[in-house]
Amino acid sequence: MRVPYLNILLRDMEEKDIADDIRWNTTDTAWTLWDAPWENGELDAFDPEEYRAGELEWINNPNKPEHRLNLELDVEGVHIGSVCSYCLNDELEWKALEPGEDRAKQRWAVGIDICDSAYWSGGWGTKALTAYLRYHLSAGYTDLYAQTWSGNTRMVRLAKKLGFRECKRIPGIRQVEGKHYDALTFQLDREAFARHREKLENESLELYVPQSPADMSFRREMMEDPDTMAYNTGWEVSFPGYHRDTGCIDFPENEWGADFARLTQKTPGFFYAYLRERSSGAFIGEVSFHPGKGPWSELGVVLHAPYKGRGYGRAALELLARRAFVDQGLPALRNTFEPERTAALAVHRAVGFREVGRDAMARFGRSQALLALELTREDYLARTVRKDL
């Protein structure tokens with residue numbers, strides 16, 4: 001299981017992670033001062049070989065549950081910790097999951113441990129727990145909680161930042177270094193979480209307008225990548241360089257100058273830019289709009305295949321809408337694509353697009369239904385004003 005999100009990765013445990021976990025439970029144990037320090041006595045009973053055997057058994061188990069309750073946290077190839085979840089009863093206390101119970105209908109508490117102290121206070125916990133909550137919600141696990149103690153101020157701040165609301169407090173039950181602290185339980189407010197996620201994803205991207213024909217090299221990289229261009233396969237169109245079987249389009253270097261001039265023209269109603277990841281500076285896709293056949297502009301969003309599934313689609317649409325409606329004052333944006341592209345449909349609707357018509361076009365020798373979705377400047381401004389209130 002791999003769950004990429006922005007510039008982090010949640011994934012199943014690998015054998016090489018076991019050495020990290022053993023180190024974090026024997027020598028580099030600073031993280032335990034924040035997780036559940038009243039349980040630190042259990043570290044004395046930690047058996048590295050027993051732990052290794054248990055984790056290897058899990059790694060090699062071919063019958064893992066479809067929905068994971070534990071995933072490792074990977075940042076640019078470095079294993080730094082993990083996320084986990086556990087079931088709660090009616091009193092919001094830990095409970096064992098009974099055989100046959102519908103997991104999605106239970107209450108679940110989520111947690112995170114960043115065990116490598118070099119990655120503390122770098123925003124990695126925000127991204128990791130956001131990704132894990134998104135993973136649960138997408139699987140229908142909607143009754144979500146987080147539990148901590150009042151002395152763990154960083155976790156308290158993180159919970160509130162993500163949209164959790166305190167729902168239970170047991171005063172003085174946790175004793176740490178001779179002091180008493182409260183046990184805290186937070187319940188996720190899904191609307192607040194959606195606002196947090198939108199803000200996080202939007203802030204993770206920026207628009208970059210190509211500065212010279214040499215910048216067209218990234219456009220060629222996408223146009224000649226079958227995974228990126230899979231959406232473009234099979235259309236009954238004919239123009240030089242189009243490969244119907246892969247959707248790819250030849251883009252030799254001698255065409256870069258003309259394409260650069262066309263795409264970056266300053267004519268009102270035209271716009272083209274790359275999507276750039278702020279944290280890494282990597283280009284991750286392209287966005288554009290141009291005048292349509294009516295009082296609207298046709299938009300385009302293409303994500304480079306390695307960056308799909310990370311929540312960037314909505315952020316890309318938000319950035320493009322802001323450029324169209326705030327910077328250029330356009331009346332409407334419209335996009336047309338197949339109704340089977342459910343992820344794209346969900347992202348457009350989340351940004352405020354509405355279905356305004358249907359069409360059809362030949363694809364793979366038969367008629368392909370198409371949906372026309374539109375967002376007006378009026379609706380966009382009304383929505384952004386509501387968000388700012």
Side-chain angles (χ1 to χ4, degrees), residues 2-10 126-128 130-139 190-191 193-208 218-219 221-223 225-233 247 271-280 282-290 297-326 332-356 370-375 379-380 383-384 387:
R2 296 172 67 85
V3 183
Y5 184 72
L6 304 181
N7 60 338
I8 62 106
L9 174 68
L10 302 182
T126 298
K127 294 176 183 177
T130 300
Y132 197 43
L133 289 167
R134 177 173 173 259
Y135 170 71
H136 277 301
L137 290 168
S138 66
R190 282 183 283 163
E191 291 187 2
F193 174 69
R195 291 192 296 270
H196 152 76
R197 180 182 157 194
E198 179 181 345
K199 183 174 184 290
L200 176 64
E201 291 167 3
N202 287 351
E203 290 177 347
S204 298
L205 291 183
E206 62 186 358
L207 297 177
Y208 172 84
F218 173 68
R219 181 165 163 81
E221 184 179 348
M222 289 201 302
M223 291 172 66
D225 175 37
D227 290 336
T228 299
M229 301 301 290
Y231 75 94
N232 199 39
T233 58
F271 179 72
Y272 178 86
Y274 292 155
L275 293 161
R276 183 164 63 182
E277 199 173 52
R278 289 183 186 273
S279 59
S280 67
F283 295 140
I284 63 104
E286 65 179 16
V287 295
S288 64
F289 55 73
H290 62 268
S297 293
E298 300 281 355
L299 71 87
V301 175
V302 179
L303 294 179
H304 195 20
Y307 296 92
K308 291 180 179 180
R310 302 193 183 189
Y312 281 143
R314 179 168 178 172
L317 276 178
E318 293 279 6
L319 288 171
L320 195 59
R322 187 181 311 151
R323 184 59 63 109
F325 298 129
V326 176
L333 284 176
R334 186 175 288 199
N335 201 4
T336 303
F337 52 84
E338 313 92 290
E340 293 82 7
R341 290 173 60 185
T342 54
L345 184 59
V347 166
H348 279 72
R349 285 177 171 165
V351 175
F353 282 78
R354 302 177 182 178
E355 184 180 336
V356 293
L370 298 170
L371 294 179
L373 300 171
E374 184 176 276
L375 176 63
D379 285 347
Y380 171 80
R383 173 174 165 270
T384 54
K387 282 166 48 181

Checklist entry - Yes or no on side-chain contact (heavy atoms from CB on, under 4.5 Å) for Leu333 and Tyr380, after CA distance, side-chain angles and deciding distance? => result CA-CA 10 Å; Leu333 284 176; Tyr380 171 80; over 6 Å; no

Would you give the length of the straight line joining atom [atom1] of [X] to atom [atom2] of [Y], rounded to the nearest 0.5 angstrom?
X: Asn202; Y: Arg314; atom1: CG; atom2: CZ; answer: 8.0 Å
X: Lys127; Y: Leu200; atom1: NZ; atom2: CG; answer: 7.0 Å
X: Leu317; Y: Phe353; atom1: CG; atom2: CZ; answer: 5.5 Å
X: Arg310; Y: Arg134; atom1: CZ; atom2: CZ; answer: 10.5 Å
X: Phe218; Y: Arg276; atom1: CZ; atom2: CZ; answer: 11.5 Å
X: Lys308; Y: Asp227; atom1: NZ; atom2: CG; answer: 7.5 Å

Non-hydrogen side-chain atoms of [X] and [Y] separated by less than 4.5 Å:
X: Phe283; Y: Glu221; answer: no
X: Leu319; Y: Val287; answer: no
X: Phe193; Y: Leu137; answer: yes
X: His304; Y: Tyr274; answer: no

Next on the checklist: With side-chain contact (heavy atoms from CB on, under 4.5 Å) as the criterion, how do Leu205 and Glu318 come out once you've worked through the C-alpha distance, each side chain's angles and the decisive distance to 0.1 Å?
Outcome noted: CA-CA 10 Å; Leu205 291 183; Glu318 293 279 6; over 6 Å; no

Checklist entry - Does the distance from a Lys or Arg side-chain N to an Asp or Glu carboxylate O, for Asp379 and Arg354, drop under 4.0 Å? => result yes

Checklist entry - Are Glu203 and Arg278 within salt-bridge range, i.e. N to O under 4.0 Å? => result no

Which heavy atom of [X] sits nearest a heavy atom of [Y], and at what distance?
X: Tyr312; Y: Ser204; result: CE2-CB, 4.3 Å
X: Leu10; Y: Ala131; result: CD1-CB, 3.8 Å
X: Ala316; Y: Leu275; result: CB-CD1, 3.6 Å
X: Ala321; Y: Leu375; result: CB-CD2, 4.3 Å
X: Gly285; Y: Met222; result: CA-SD, 3.8 Å
X: Val347; Y: Gly313; result: CG1-C, 3.7 Å

Next on the checklist: Please check if the number of heavy atoms outside Arg190 that lie under 6.0 Å from its CZ is greater than 12.
Outcome noted: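 No, because the 6.0 Å sphere around CZ of Arg190 holds 12 heavy atoms or fewer from other groups.
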
Checklist entry - For atom CD of Glu340, is the number of surrounding heavy atoms from other residues, nucleotides or ligands below 6.0 Å larger than 12? => result yes

Next on the checklist: Can a donor-acceptor pair be found, under 3.5 Å and without considering hydrogens, that links the side chain of Thr228 to the backbone of Ala305?
Outcome noted: yes

Checklist entry - Would Phe271 and Leu207 count as a side-chain contact (heavy atoms from CB on, under 4.5 Å) if you check the C-alpha gap in whole Å, the side-chain angles of each, and the deciding distance to 0.1 Å? => result CA-CA 11 Å; Phe271 179 72; Leu207 297 177; 3.9 Å; yes

Next on the checklist: Show, in sequence, the C-alpha distance, side-chain angles and deciding distance for Thr336 and Leu371, and conclude whether the side-chain contact (heavy atoms from CB on, under 4.5 Å) test is met.
Outcome noted: CA-CA 5 Å; Thr336 303; Leu371 294 179; over 6 Å; no

Item to check | Leu373: which of Val356, Leu345, Leu299, Val351 passes side chain to side chain contact (heavy atoms under 4.5 Å, CB included) | outcome: Leu345

Next on the checklist: Checking Ser280 against Asn7 for the side chain to side chain donor-acceptor pair (under 3.5 Å) test, could you report, in this order, the C-alpha distance in whole Å, the side-chain angles of both residues, the deciding distance, and whether it holds?
Outcome noted: CA-CA 8 Å; Ser280 67; Asn7 60 338; over 6 Å; no

Item to check | Intermediate values then yes/no, salt bridge (charged side-chain N to carboxylate O under 4.0 Å, His left out), Glu286 and Arg219 | outcome: CA-CA 8 Å; Glu286 65 179 16; Arg219 181 165 163 81; 3.0 Å; yes

